[in-house]
Amino acid sequence: MQPIITSLLDTDLYKFTMWQAMLHRHPQTQSTYRFVCRSTPEFPLVDLLDEVRTEIDALCTLKFKKDELDYLASLRFMKSDFIDFLRIFQFQRDFIEVKADGSSLHIVANGPQVHVMGFEIFVLSIVNELYFRRFDQASALAAGRRRLGAKIVRLQELAQEAKHRHPFELFDFGVRRRFSGPWQREVVQAFASQTAQWFKGTSNVLLARDLNLVPIGTMAHEYLQSYQAHGVRLRDFQIAALEDWVQEYRGDLGIALTDTVGMDAFLADFDMYFAKLFDGLRHDSGDPKEWGEKALAHYAKLRIDANSKRLVFSDGLTLDAALDLYQHFADRIQCGFGIGTQLANDMGLKQLNIVMKLTHANGQPVAKLSDSPGKTLCDDETYLAYLKQVFHVKY
């Protein structure tokens, strides 16, 4: 069978944007990424072991093609030396270990961050697609198409509803949790052709290129987390990460992720300087309305017109949840909604909750203290306690 991953563009845009920043700022960083399944699968993931190994082997044979590099180079924030780096880049099989861990999969990527950070999305896409191949494809696709049709109708109904100050904008964030690559393409193509007024892009760089859509994405937790190990004072790691981002992109890619150590600690660092430089904020944990109200209050305190800023919501959204948030905020601030699993894997099957997170950088632990305690990920309790103490996080 054809490998699941056939193009190195078949990943999230923010992998490239973080990759470029890390190559320019901290190319020497060594890091460890670990795969975790947070849900209970219908069958043991270890059953996929041989297939996952085969797919990773195939991934490590791929290189960027000329047309792929030309597309990346056409994005105004991608720099020529980074494209030159990608021209010679190839995943190294020695940097990723795939083995059994009881009934689970043990997948760990370890090595130079600029050589292993890209594994994450591909590994998650591979595991997810192999897992869902074990279920009846015809019934899953039939259910998926019914649900897709209902979403499109619901979105089209917006045209008859009362207008708000700012428009509804929807993005596909589904690469890592998709049912399959072909299904994600079908979903994105359907939204792009039938709801173009509201569907504004995809995080999948390959689909953005092929379907002439805007590629969407800025930064993920790994970017900010890695600064916990970059030699700055721990209390200042967010400031250092945001400053480097500003220097790297100088106004482009201006949505900041807020929940690496929680929204309150983020806002303590997000002063007038950053609030004016960044276009907006991304929500990824905690109560979204409470989070949005905190963001609005912060802009008001700084005397910044919130209508010039944007809130992007991306935490396990359904279309209905996105529309509810839109009704709540759309007259006060611009809104965007990145939906992943519930667009790319809404097939009537129980979905997997899998992640592959940065756990160590430069030989020391790093952690995320999200606004949803269940999403906190760190295997070093001593470091976690210290991080909570530094940022006054009580949970």
Side-chain angles (χ1 to χ4, degrees), residues 1-20 33 35 48 51-75 78 82-83 85-87 89-93 95-96 98 107 109 114-133 144 171-192 199 201-218 220 222 314 338-341 343-345 352 354-356:
M1 292 182 67
Q2 179 173 287
I4 290 172
I5 306 300
T6 58
S7 167
L8 293 180
L9 291 187
D10 192 11
T11 190
D12 283 319
L13 177 69
Y14 68 23
K15 277 295 171 182
F16 292 104
T17 58
M18 293 186 295
W19 200 355
Q20 176 173 277
Y33 290 76
F35 172 86
L48 304 174
E51 293 169 274
V52 171
R53 283 176 169 164
T54 298
E55 293 290 342
I56 297 296
D57 290 345
L59 174 68
C60 292
T61 67
L62 295 177
K63 299 190 75 172
F64 285 96
K65 303 181 183 73
K66 182 181 185 303
D67 63 304
E68 295 170 338
L69 294 168
D70 289 346
Y71 174 74
L72 290 171
S74 74
L75 305 176
M78 295 279 96
F82 179 56
I83 302 301
F85 169 80
L86 295 181
R87 196 179 309 279
F89 175 80
Q90 188 169 357
F91 282 114
Q92 301 301 303
R93 187 63 176 83
F95 289 152
I96 186 165
V98 184
I107 307 175
V114 294
H115 284 276
V116 301
M117 62 187 297
F119 274 119
E120 176 200 359
I121 306 300
F122 293 120
V123 167
L124 297 177
S125 299
I126 286 167
V127 171
N128 229 51
E129 186 159 341
L130 290 174
Y131 177 82
F132 285 103
R133 281 180 182 176
F171 320 116
D172 159 58
F173 281 6
V175 186
R176 68 183 63 211
R177 305 269 176 84
R178 65 193 184 191
F179 177 75
S180 70
W183 175 246
Q184 187 189 18
R185 182 178 290 265
E186 182 175 333
V187 168
V188 170
Q189 201 156 18
F191 274 101
F199 188 75
T202 175
S203 65
N204 186 319
V205 182
L206 180 65
L207 294 184
R209 184 197 67 169
D210 291 353
L211 303 177
N212 195 29
L213 297 170
V214 177
I216 303 292
T218 55
E222 64 183 291
S314 62
I339 304 182
T341 307
L343 282 193
N345 199 354
L352 286 179
I354 53 176
V355 296
M356 189 167 179

Task: Shortest non-hydrogen contact from L72 toward V205 - done: CD2-CG1, 4.1 Å
Open item on the list: Considering only residues two or more places apart or on different chains, which pairs with a residue in residues 52-64 satisfy side-chain hydrogen bond (donor to acceptor under 3.5 Å, both in side chains)?
Closed with: D57-R93
Task: Contacts of E120 that satisfy salt bridge (Lys or Arg N to Asp or Glu O under 4.0 Å) - sequence neighbours left out - done: K15, R176
Task: Set of salt bridge (Lys or Arg N to Asp or Glu O under 4.0 Å) partners for R87, sequence neighbours left out - done: D84
Open item on the list: Suppose we screen for side chain to side chain contact (heavy atoms under 4.5 Å, CB included). Which residues come up paired with T17, at least two apart in sequence or across chains?
Closed with: L13, Y14, F77, M78, W245, Y249, L253
TODO: Could you grab the distance from atom CG of L86 to atom CH2 of W19, nearest 0.5 Å is fine?
DONE: 5.0 Å
Open item on the list: If I take atom CD1 from residue I107 and atom OH from residue Y33, how far apart are they, to the nearest 0.5 angstrom?
Closed with: 15.5 Å
TODO: Please round to the nearest 0.5 Å and tell me the distance separating atom CD1 of I126 and atom CD1 of I5.
DONE: 5.0 Å
Open item on the list: Run the side chain to side chain contact (heavy atoms under 4.5 Å, CB included) test against S7 and tell me which residues pass, sequence neighbours left out.
Closed with: L9, E68, L206
Open item on the list: For a side chain to side chain contact (heavy atoms under 4.5 Å, CB included) check, start with the C-alpha distance between V187 and F179, then their side-chain angles and the critical distance, and finish with the verdict.
Closed with: CA-CA 11 Å; V187 168; F179 177 75; over 6 Å; no
Open item on the list: Any non-hydrogen side-chain atom of Y131 less than 4.5 Å from a side-chain atom of I354?
Closed with: no
TODO: Just say parallel, tilted or perpendicular for the rings of F82 and F16, cut-offs at 30° and 60°.
DONE: perpendicular
- [ ] Could you list the residues that satisfy ring-ring contact (aromatic ring centres under 6.0 Å, His included) with F191, not counting sequence neighbours?
- [x] F199
Task: For D67, side chain to side chain contact (heavy atoms under 4.5 Å, CB included) partners two or more places apart - done: K65, R209
Open item on the list: According to side chain to side chain contact (heavy atoms under 4.5 Å, CB included), who are the partners of L8, at least two apart in sequence or on a separate chain?
Closed with: L59, L62, F64, F91, F122
TODO: Only pairs at least two apart or in different chains count here, so list each side-chain hydrogen bond (donor to acceptor under 3.5 Å, both in side chains) that has a residue in residues 183-192.
DONE: R145-E186, D172-Q184, R178-Q184, Q184-N204, R185-D210
Open item on the list: Which heavy atom of I96 sits nearest to which heavy atom of M356, and what is that distance?
Closed with: CD1-CE, 4.5 Å
Task: From CZ (R133) to CG (N128), nearest 0.5 Å - done: 11.5 Å
Open item on the list: Nearest 0.5 Å, please: how far is CD in Q92 from NE2 in H115?
Closed with: 7.5 Å
- [ ] Using atom types as modelled and distance alone, determine if a side-chain donor or acceptor of E129 lies under 3.5 Å from a backbone N or O of V127.
- [x] no
Task: Non-neighbouring partners of S203 that pass side-chain hydrogen bond (donor to acceptor under 3.5 Å, both in side chains), sequence neighbours left out - done: D12
Open item on the list: Is the shortest side-chain heavy-atom distance between D10 and S125 below 4.5 Å?
Closed with: no
TODO: Might you point out which heavy atoms bring G201 and L213 nearest each other, and give the distance in Å?
DONE: CA-CB, 4.4 Å
